[in-house]
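Note on naming: letters A, B, ... go to the chains in the order of the sequence lines (proteins, then strands), and numbering restarts at 1 for each one. Only heavy atoms go into these numbers, but all of them, side chains included; no hydrogens, no water, no symmetry mates.
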Amino acid sequence: MVRVSFRVNGEPVELDVKPNELLLNTLREKLGLTSVKYGCGIGECGNCTVLVNGEPVLACLTLTVDVDGCEVLTVEGLSKGGLTRVQKAFIEEGAVQCGYCTPAFILMAEFLVRSKQEPSIDDVREYLKGVLCRCTGYVNIFKAVLKASESGRGREKVDKG
Amino acid sequence: MVVSEIPAINITARNTRIIPFEYEYYEPRSLKEALELLDRYGDQARILAGGTDLLVKMKARLVEPRVVINVKKIDNLRYIVEDGEQVRIGALTRLRDIENSELVKKYIPALHDAVKSMGSIQIRNMATIGGNLCNASPAADTAPPLLVHNAKIVLSSVGGDRVLPLTEFFKGPGLTVLKPSELLREIIVEKTNAGSSAFKKVSRVAVDLAIASAAIYVEVEDGFIRNARIALGSVAPKPLRAVKTESLLRGLRIDSREVLNALKTIDEEISPITDVRSTAEYRRYVSKVLVLDALEVAYTRLKGGVHG
Ligand SMILES: Cc1cc2nc3c(=O)[nH]c(=O)nc-3n(C[C@H](O)[C@H](O)[C@H](O)COP(=O)(O)OP(=O)(O)OC[C@H]3O[C@@H](n4cnc5c(N)ncnc54)[C@H](O)[C@@H]3O)c2cc1C
């Protein structure tokens with residue numbers, strides 16, 4: 001067992017974990033943060049995306065021991081001061097179907113909105129391409145992200161598909 | 001090629017939710033400490049960098065190391081620096097760092113193209129350039145750009161360093177000349193001063209390994225190709241230089257039909273296979289197209305045009 005301490009959604013966490021424990025399982029099973037989803041387990045679906053020190057990474061390919069000393073953010077930690085612009089836009093645009101991929105899309109959208117002032121539709125595609133939505137609800141998701149980033153640009157293109 | 005000849009994928013039900021075995025785990029804080037661990041454990045140990053190849057393989061029990069050495073806490077192996085006529089890149093540099101590097105964009109444009117095309121932002125935040133090379137996939141996207149820029153690699157062990165041209169590094173799928181006690185420490189790349197470079201690839205979906213890829217470095221004088229270097233990915237057991245085609249390109253007018261004829265020689269230099277991603281025939285065909293496309297981009301860059 002290895003003692004690790006890190007912050008999750010602003011709260012300090014201290015745990016003993018085996019070196020082969022994955023962050024995905026620590027978050028879901030030990031910390032009850034079930035917004036982080038297990039999809040493919042091999043890095044392709046992106047549904048386990050979390051922000052570590054503000055950068056998106058995949059919890060299914062991250063050892064828990066590796067985030068020692070880091071700041072981890074999941075969707076549960078986003079809405080502490082009320083829903084964010086991104087979350088509101090997802091609701092308004094109906095960007096949720098079955099909901100499984102929604103937390104990962106929200107986190108990537110938050111990351112995009114924080115990193116780029118006026119993202120283009122190509123930026124939105126690039127930032128979101130690492131998350132798969134098996135309901136194929138991409139059009140409304142793209143609309144929501146553009147809305148949240150207060151960028152009207154490219155909106156027409158989304159409507160055309 | 002009939003469909004029945006395409007080898008089936010071996011889909012065994014794997015639980016990819018966990019790593020299904022335990023190992024001894026080390027987090028060296030310095031290069032010296034890492035090299036001592038490698039010296040002690042040799043082929044029983046695996047270096048863990050970004051884990052985007054290694055952890056996938058460990059989940060599937062394709063590799064089952066007794067010892068895992070996580071080298072990511074060694075922070076002086078993550079850098080991109082200009083050094084005279086060269087750019088030096090630390091092995092633990094993330095693909096995302098390379099994507100955001102003005103130095104790489106300016107002096108190694110083909111490498112910049114390649115990293116932008118790799119995986120997703122999440123993957124590029126985790127994956128390292130050293131891991132991409134040491135994993136030694138024939139589809140490793142950083143390899144063709146580095147090959148056309150005459151990259152050298154520095155391999156370190158407790159006994160000291162050795163420097164090799166990248167052309168001598170790969171041996172076959174998953175195989176390199178790296179000894180169990182060695183770590184890839186640095187990649188040294190020649191800057192493009194006289195010429196320019198570009199990289200192109202085709203894959204099935206946005207986040208996927210290449211069906212085929214190509215990089216070219218080219219110098220052009222008065223409309224004639226003075227020097228060209230070509231490298232190809234996913235069309236042979238390892239990423240390779242197409243030296244014969246390169247020599248035929250030298251001296252040709254860049255916009256002439258002879259260039260197209262010369263590119264046909266690529267056929268003799270590659271040995272693609274049919275697998276789940278593509279047929280060998282398509283790989284043969286598309287390789288030439290990719291080289292031509294890359295040549296066009298590199299030439300546009302050379303003329304000072306904006307391209308990526
Ligand atoms: C969804 C997905 C998409 C991907 N897309 C692409 C793509 O488009 N193009 C592409 O080329 N690859 C792709 N990959 C593969 C992978 O992300 C890259 O090869 C990556 O660069 C590997 O780096 P890493 O740091 O994660 O390596 P790791 O998995 O940590 O290591 C890989 C291997 O190299 C060894 N190793 C690592 N660093 C060193 C070192 N410094 N010295 C000696 N040995 C070392 C390890 O022991 C291991 O055997 C993808 C992977 C996934 C999961």
Side-chain angles (χ1 to χ4, degrees), chain A residues 1-2 4 17-26 28-29 37-70 104-105 107-109 111-112 115-116 122-132 138, chain B residues 13-27 29 46 48-62 64-73 75 94-97 99-100 116-127 131 203-209 308:
Chain A
M1 287 290 194
V2 183
V4 288
V17 296
K18 285 186 175 165
N20 67 343
E21 184 165 319
L22 294 160
L23 182 60
L24 173 65
N25 300 327
T26 306
R28 287 182 60 85
E29 288 156 24
K37 296 292 192 275
Y38 166 62
C40 68
I42 53 170
E44 286 177 10
C45 79
N47 279 244
C48 64
T49 299
V50 295
L51 302 188
V52 172
N53 295 339
E55 292 284 331
V57 300
L58 301 174
C60 82
L61 293 179
T62 300
L63 299 178
T64 305
V65 285
D66 216 24
V67 300
D68 186 50
C70 295
F105 273 113
L107 286 177
M108 283 314 285
F111 177 66
L112 170 62
S115 337
K116 288 223 153 141
D122 285 340
D123 291 329
V124 176
R125 289 210 172 93
E126 180 57 28
Y127 276 66
L128 300 190
K129 82 173 182 192
V131 185
L132 293 189
Y138 296 104
Chain B
R14 303 270 190 204
N15 179 355
T16 58
R17 205 177 59 81
I18 56 164
I19 296 170
F21 58 91
E22 294 186 12
Y23 45 78
E24 267 177 64
Y25 177 75
Y26 294 95
E27 264 178 24
R29 301 282 155 160
R46 278 290 179 138
L48 172 71
T52 60
D53 280 316
L54 183 61
L55 295 186
V56 172
K57 287 183 189 170
M58 283 168 60
K59 284 180 169 189
R61 285 189 190 267
L62 294 172
E64 230 171 300
R66 190 171 76 73
V67 176
V68 169
I69 305 172
N70 180 356
V71 291
K72 279 198 302 299
K73 308 269 155 117
D75 52 38
R94 309 295 191 272
L95 299 179
R96 188 89 174 136
D97 302 333
E99 178 184 357
N100 292 332
K116 278 202 301 185
S117 81
M118 290 170 76
S120 57
I121 291 181
Q122 294 94 312
I123 293 286
R124 299 201 292 275
N125 264 333
M126 305 169 79
S203 36
R204 293 172 308 171
V205 291
V207 179
D208 196 14
L209 293 181

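Between chain A and the residues B:Ile19, B:Val68, B:Leu55, B:Asp208, the largest count of heavy-atom pairs under 4.5 Å involves B:Ile19. Ranked by heavy-atom pairs shorter than 4.5 Å toward chain B, the options A:Gly41, A:Cys48, A:Gly43, A:Cys60 are led by A:Gly41.
Between B:Tyr25 and A:Pro19 the shortest heavy-atom distance is CB-CB, 3.4 Å. Scanning both residues, A:Gly130 and B:Ser120, for their nearest heavy atoms gives CA-CB, 3.4 Å.
Both the backbone and the side chain of A:Tyr127 come within contact range of chain B, each with at least one heavy atom under 4.5 Å from a heavy atom of that chain. In this structure, chain B has no heavy atom under 4.5 Å from any part of A:Glu21. In this structure, the portions of A:Ile42 lying under 4.5 Å from any heavy atom of chain B include both its backbone and its side chain. Proximity to chain A is limited to the side chain of B:Glu27, based on heavy atoms less than 4.5 angstrom apart. Residue contact with chain B, scored on non-hydrogen atoms closer than 4.5 Å, involves the backbone of A:Cys40 exclusively. With a threshold of 4.5 angstrom between heavy atoms, B:Leu54 does not approach chain A through any atom at all. Contacts of A:Lys129 with chain B are made by both backbone and side-chain atoms, with heavy-atom separations under 4.5 Å.
Distance check, rounded to the nearest 0.5 Å: CZ of B:Arg17 to CZ of A:Arg28 gives 8.5 Å. Residue A:Leu61 holds its CG atom at 5.0 Å from NZ of B:Lys59, rounded to the nearest 0.5 Å. Between the CG atom in A:Asn20 and the CD1 atom in B:Ile18 there is a gap of 8.0 Å [rounded to 0.5 Å]. Here OG1 of B:Thr52 is found 9.0 Å from CG of A:Leu58. Values are rounded to the nearest 0.5 Å. The line from CD of B:Gln122 to CD of A:Glu44 is 12.5 Å long, rounded to the nearest 0.5 Å. Taking CG of A:Asp66 as the reference point, atom CG of B:Asn70 lies at 4.5 Å (rounded to 0.5 Å).
B:Asn125 has its side chain out of reach of A:Val52: every pair of non-hydrogen atoms, C-beta onward, lies at least 4.5 Å apart.
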>> Evaluate B:Arg94 against A:Glu55 for salt bridge (Lys or Arg N to Asp or Glu O under 4.0 Å), listing each step before the verdict.
In response: CA-CA 12 Å; B:Arg94 309 295 191 272; A:Glu55 292 284 331; over 6 Å; no
